[in-house]
Amino acid sequence: MFVSEDLAVNSQGHLTIGGADTVELAEKYGTPLYVMDEDLIRKNLRRFHDSMNKYYNGMGEVHFASKAFSCMEMCRIVASEGDGLDAVSIGELYTAVKAGFPMEKVGFHGNNKTDAELRYCLEVGVGHIIVDNIPELRRLEAIAKDMGKKPLIMFRIKPGIDAHTHKAVLTGQIDSKFGFALETGEAFEAVKEAVSCENVEFYGVHCHIGSQIFDIEPFEAAAKTMLGFIAKVKNELGYEIKGLNLGGGFGIKYLTEHDPKPFEEFIERVSAVVREQCAQLGIAQPRMYIEPGRSIVGPAGITLYTVGARKVIPDIRTYISIDGGMPDNPRYILYESEYEAVVANKAGEPRDEKVTIAGRCCESGDLIGENMALQHAESGDILAVLATGAYNFSMAMTYNRLQRPAVVFVRDGESRIGVKRESLDDIIRNDV
Ligand code: LLP
């Protein structure tokens, strides 16, 4: 009935998530409110790491992409499942450190890392750094020497794969700001330099072809290309690459008609390609890493709002205004991303109106969506927007000096605060 398996309707006709009544959550914590279902997050992590164990002989690691949703409680959940993290800024690293995350299970990314970030990685013992470009390699080499450390590094490679997704989240093609190109020979030249570095250990190669991808074929093609490169490095430089990181990007169901393949199938098919290619090319099976973000947390989150004004413009459209909008969910204004919504206190009723859900910013583009099917919504109703667990909280902003919402985790019908709602004093905290 709903896009996510953990949503249901209780005897009062209220939407529930992880067994908790969303109308009660809205009353208890206020709105707008992000609600995350802890059990579903854990289940999604397990689905990935269990299938890595099953289909890749236990030689795989799952690194949750914390850019999709980062807070200390999330780091604790990932750590308790035994998985790793992909971090892309000193802020994400700091969050993990403060949560007591085992930093040797962290991969650090970024196309323009600062010296402070590289130093921090070495200080806190990050597992590996995914180097993006030659100047960065040289800076890291100097910093490592200065600090008396020898970090493991991977190279971010652009495998030249075209995955069919929104252009803003495509990353594997040659015209991308991320990483070394294969086609031009840039990646190979860079590897030559890296293997001769004294203060870094060249460990692996990484690629990430994009996000919200439904097809498995681009992942298979990327794996094949990367293994071809690993073989070339072995044959021409006599150097054995030990790690292969295939990034994230697995698509999720935002709309009823979306039909993403089960994660298990991705892992099974990609693992098969890796094993076959290794055998064919005569190379040792690398340790395989994946970095799912959206697919772990996206389906596990919803956002609750209180409905304000209902504005009917005859023969044009009906606007339902809510007490949040683009500051807590900038994905419609950025990518025209589509969502489904439910009036949480009327969840058992049919969604027989078509409405535009509008935020409260001074900006006409501040919408959650247009032409959305919804129950008849009136002022005071609670609106739930579904599958907002990824790239909503993490991309939230304070435009119009709106306070960022709280994050609540639910489990077995119980709820607890994961991130407090910002106060007015938080808004002026750094003002002088
Ligand atoms: N690894 C790397 C290197 C990445 O750049 C990303 C996402 C991931 C893993 C995780 O990808 P996922 O499994 O979540 O698709 N803000 C956009 C998405 C940007 C994705 C950026 N990189 C959105 O809201 O759709």
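Each ligand, and each atom within it, is numbered from 1 in the order the structure gives.
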Can you confirm whether [X] is buried at [atom1], in the sense that more than 12 heavy atoms of other residues, nucleotides or ligands lie under 6.0 Å from that atom?
X	atom1	answer
K261	NZ	yes
E338	CD	no
K67	NZ	yes

Ligand 1 and [X], any nitrogen or oxygen pair closer than 3.5 angstrom?
X	answer
G247	no
H206	no
G293	yes
S295	no
H109	no

Side-chain heavy-atom pair F409, I41 within 4.5 angstrom cut-off
yes

Relative to ligand 1, is [X] under 4.0 angstrom through side chain, backbone, both or neither, heavy atoms considered?
X	value
F178	neither
D86	side chain
R294	both

Are F214 and H258 near enough that their ring centres are under 6.0 Å apart?
yes

Looking only at the aromatic ring of each residue, does the gap between the centers of H109 and H208 stay below 6.0 angstrom?
no

Does P292 come within less than 4.0 Å of ligand 1, judged by its heavy atoms?
yes

So for A390, does at least one of its heavy atoms come nearer than 4.0 angstrom to any atom of ligand 1?
no

Atoms in ligand 1 flagged as close to [X], the criterion being non-hydrogen separation under 4.0 Å:
X	value
G249	11 (O), 12 (P), 13 (O), 15 (O)
M395	16 (N), 24 (O)
A65	8 (C), 9 (C), 10 (C)
Y335	16 (N), 17 (C), 23 (C), 24 (O), 25 (O)

Quick check against the 3.5 Å criterion: does K113 have a side-chain atom that pairs as donor or acceptor with the backbone of I130?
yes

Nearest 0.5 Å please: distance from the CD1 atom of I320 over to the CD1 atom of I368.
13.0 Å

Measuring from atom CZ of F108 to atom SG of C121, what distance do you get when rounded to the nearest 0.5 angstrom?
4.5 Å

Can you see whether F188 has K232 sitting over its ring - NZ or CZ less than 6.0 Å from the centre and within 45° of the normal?
yes

Between R156, H63, E291, which one has a non-hydrogen atom sitting closest to atom 9 (C) of ligand 1?
E291

